[in-house]
2 protein chains.
Amino acid sequence: MATLKYSRQRESIKEYLSKTRSHPTADSVYLHVKEEFPNISLGTVYRNLNLLADIGEAVKIATPDGGDRFDGRTEPHYHVVCTSCGNVFDLELDPQYMEAVNQTANQYFDGTIDNHTSLFYGTCSECLKKNSSKDLK
Amino acid sequence: MATLKYSRQRESIKEYLSKTRSHPTADSVYLHVKEEFPNISLGTVYRNLNLLADIGEAVKIATPDGGDRFDGRTEPHYHVVCTSCGNVFDLELDPQYMEAVNQTANQYFDGTIDNHTSLFYGTCSECLKKNSSKDLK
DNA sequence: CTCAATGCAAAGTTTTTGCACGGTT
DNA sequence: AACCGTGCAAAAACTTTGCATTGAG
């Protein structure tokens, strides 16, 4: 395989991903890193995001509407996607349940289940508020 | 809200979704329904797929690579996405675990968790075979 | 008759890719 | 020097949408 070389752009992307909890889209990452590297291109951001996901230093989270989201948090954890606003949240699940579920899932997937990318859909509290106020009219 | 009118195209889409276990993409649905309705357009397929998802008669499953997948199975169940080939599989999870996990997730999402769309990533057995033979060379 | 659904094509969004150049090793 | 990474722009992949027409109620 090709040898990985250092690049300031990739470093900046990694740093941003590791610090934010917002599970940004590729475009959000682009906008942020652009502040430090005004000439960076969206293509470079995509290439690095996919590269980081490939080597396990980031997680790509697919959402049903809008683009994919990325997460730089490396400890195993689940996610919840709000189907109303599209935002992604970390889910603090009792390790005991995560273990049990992963074990069951692995009966079918032979130990390959990636518990970073397990994912639920729901409606976040902010959207619940908005929706209930809409229901009133 | 607008009143729903019958259409043979939508009926055909629904029937296909309810019979297949392949979790097809919009394009696969299009190709299939095209056999019965040669003039059907991809736009119509998308419109109906989204409509069915909105009224809860189908589930839209986002995958990190390739297009979204659709499922017509209506009983609550989880899915596993193969990150190698992109295929989606049903996951028969002990209801007791599903219940426990949903309950925990719902502490954060206030009872809105949709247990049709909860989703894991892994590598399916077919891809495991292919990958291991690649590793040998 | 009314309005939802369709087919078609154009446009929108998101992501990938080819290529020449610059940066890291 | 070798070759990976970048910026740019074009292209690809996927999905939505406007509009005239057809079809259900």
Side-chain angles (χ1 to χ4, degrees), chain A residues 1-17 23-55 57-70 81 83 85-88, chain B residues 1-17 23-55 57-70 81 83 85-88:
Chain A
M1 61 185 175
T3 322
L4 208 60
K5 280 184 184 171
Y6 172 88
S7 97
R8 286 173 296 164
Q9 289 87 335
R10 185 186 309 130
E11 212 50 37
S12 177
I13 291 171
K14 269 177 70 174
E15 201 209 334
Y16 178 51
L17 279 188
H23 307 87
T25 61
D27 199 62
S28 305
V29 173
Y30 169 64
L31 258 27
H32 179 92
V33 178
K34 208 179 172 59
E35 288 171 21
E36 190 180 354
F37 298 95
N39 291 324
I40 198 172
S41 75
L42 192 52
T44 296
V45 171
Y46 271 106
R47 270 185 292 237
N48 278 303
L49 251 14
N50 284 331
L51 189 155
L52 292 172
D54 282 347
I55 63 178
E57 296 189 9
V59 176
K60 191 185 200 171
I61 305 160
T63 71
D65 301 289
D68 293 344
R69 302 299 199 101
F70 294 86
V81 177
T83 46
C85 66
N87 282 328
V88 176
Chain B
M1 62 185 175
T3 322
L4 208 61
K5 281 183 184 171
Y6 172 87
S7 97
R8 286 173 297 165
Q9 289 88 335
R10 176 157 59 236
E11 213 51 37
S12 177
I13 292 171
K14 268 177 70 173
E15 200 208 336
Y16 178 51
L17 279 190
H23 307 89
T25 61
D27 199 63
S28 305
V29 173
Y30 169 65
L31 258 29
H32 180 92
V33 178
K34 208 178 171 61
E35 288 170 20
E36 190 181 355
F37 299 92
N39 291 325
I40 197 172
S41 75
L42 192 51
T44 296
V45 172
Y46 271 105
R47 269 185 294 237
N48 278 304
L49 251 15
N50 284 331
L51 189 155
L52 292 173
D54 282 347
I55 64 178
E57 297 189 9
V59 177
K60 192 185 202 171
I61 304 162
T63 71
D65 302 290
D68 293 344
R69 303 299 200 99
F70 294 86
V81 177
T83 46
C85 66
N87 282 328
V88 176

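Throughout, a chain's letter reflects where its sequence line sits, starting with A, and its residues are numbered from 1. Side chains included, hydrogens not; waters and symmetry mates left out as well; all remaining heavy atoms used.
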Check residues 60-70 of chain B and write down every donor-acceptor pair under 3.5 Å in which the side-chain atom is one partner and the other belongs to a residue at least two apart or another chain.
from	atom 1	to	atom 2	distance (Å)
B/K60	NZ	A/D65	OD1	3.4
B/K60	NZ	B/N50	OD1	3.2
B/T63	OG1	B/D65	O	3.0
B/T63	OG1	B/G67	O	3.2
B/D65	OD1	A/K60	NZ	3.3
B/R69	NH1	B/S22	O	3.4
B/R69	NH1	B/H23	O	2.5
B/R69	NH2	B/G86	O	3.2
B/R69	NH2	B/N87	OD1	3.0

| Roughly how many Å is it from CG in A/D54 to P in D/dG5, rounded to a whole number? | 12 Å
| field | Nearest-Å distance for atom pair CD1/P, residues A/I40 and D/dG5 | value | 13 Å
| query | Distance from A/Q9 atom CD to A/E11 atom CD, nearest 0.5 Å? | reply | 10.5 Å
| query | What's the spacing between B/E35 CD and B/I40 CD1 if we round to 0.5 Å? | reply | 12.0 Å
| remark: In whole angstroms, the gap separating C1' of D/dG5 from NZ of A/K14 amounts to 15 Å
| said: Could you go through A/V29 and A/N48, starting from their C-alpha distance and side-chain angles, then the distance that decides it, and tell me whether this counts as side chain to side chain contact (heavy atoms under 4.5 Å, CB included)? | reply: CA-CA 11 Å; A/V29 173; A/N48 278 303; over 6 Å; no
| Distance test, side-chain N/O of B/N39 to OP1/OP2 of D/dT22, below 4.0 Å | no
| B/S/- contact track for nucleotides 15-25 of chain C, protein heavy atom under 4.0 Å | BBBB----BBS
| task | Heavy atoms only: give me the nearest B/A26-B/L42 pair and the separation to one decimal. | result | O-CD1, 4.3 Å
| field | Between the first and last five pairs of the helix from C/dC1-D/dG25 to C/dT25-D/dA1, the angle of the axes, rounded to 10 degrees | value | 40°
| remark: Between A/S28 and A/Y16 the two heavy atoms that sit nearest each other are O-CE2, 4.4 Å
| message | I need the residues from residues 29-38 of chain B with at least one non-hydrogen atom less than 4.0 Å from DNA chain D; give them sorted by number, or say none. | response | none
| Can you name the residues that form a salt bridge (charged side-chain N to carboxylate O under 4.0 Å, His left out) with B/E15, not counting sequence neighbours? | B/K19
| query | Taking only residues two or more places apart in sequence, or in another chain, which ones meet A/E36 in a side-chain hydrogen bond (donor to acceptor under 3.5 Å, both in side chains)? | reply | A/S12
| Counting only side-chain N and O atoms of B/Q9, is one of them less than 4.0 Å from OP1 or OP2 of D/dG23? | no
| query | With B/Y30, which residues qualify under side-chain hydrogen bond (donor to acceptor under 3.5 Å, both in side chains), at least two apart? | reply | B/K34
| message | List the residues meeting side chain to side chain contact (heavy atoms under 4.5 Å, CB included) with B/L31, not counting sequence neighbours, and say none if there are none. | response | B/D27
Show the distances under 3.5 angstrom between N or O atoms of the protein and N or O atoms of nucleotides 11-13 of chain C.
none

| task | Please name all residues satisfying salt bridge (charged side-chain N to carboxylate O under 4.0 Å, His left out) with B/E57, sequence neighbours left out, ordered by chain then number. | result | B/K14
| query | Who are the side-chain hydrogen bond (donor to acceptor under 3.5 Å, both in side chains) partners of B/T83, not counting sequence neighbours? | reply | none
| message | Among residues at least two apart in sequence or on other chains, which ones pass side chain to side chain contact (heavy atoms under 4.5 Å, CB included) with A/R47? | response | A/T44
| Rounded distance (Å) that lies between atom P of D/dT16 and atom CG of B/L51 | 12 Å
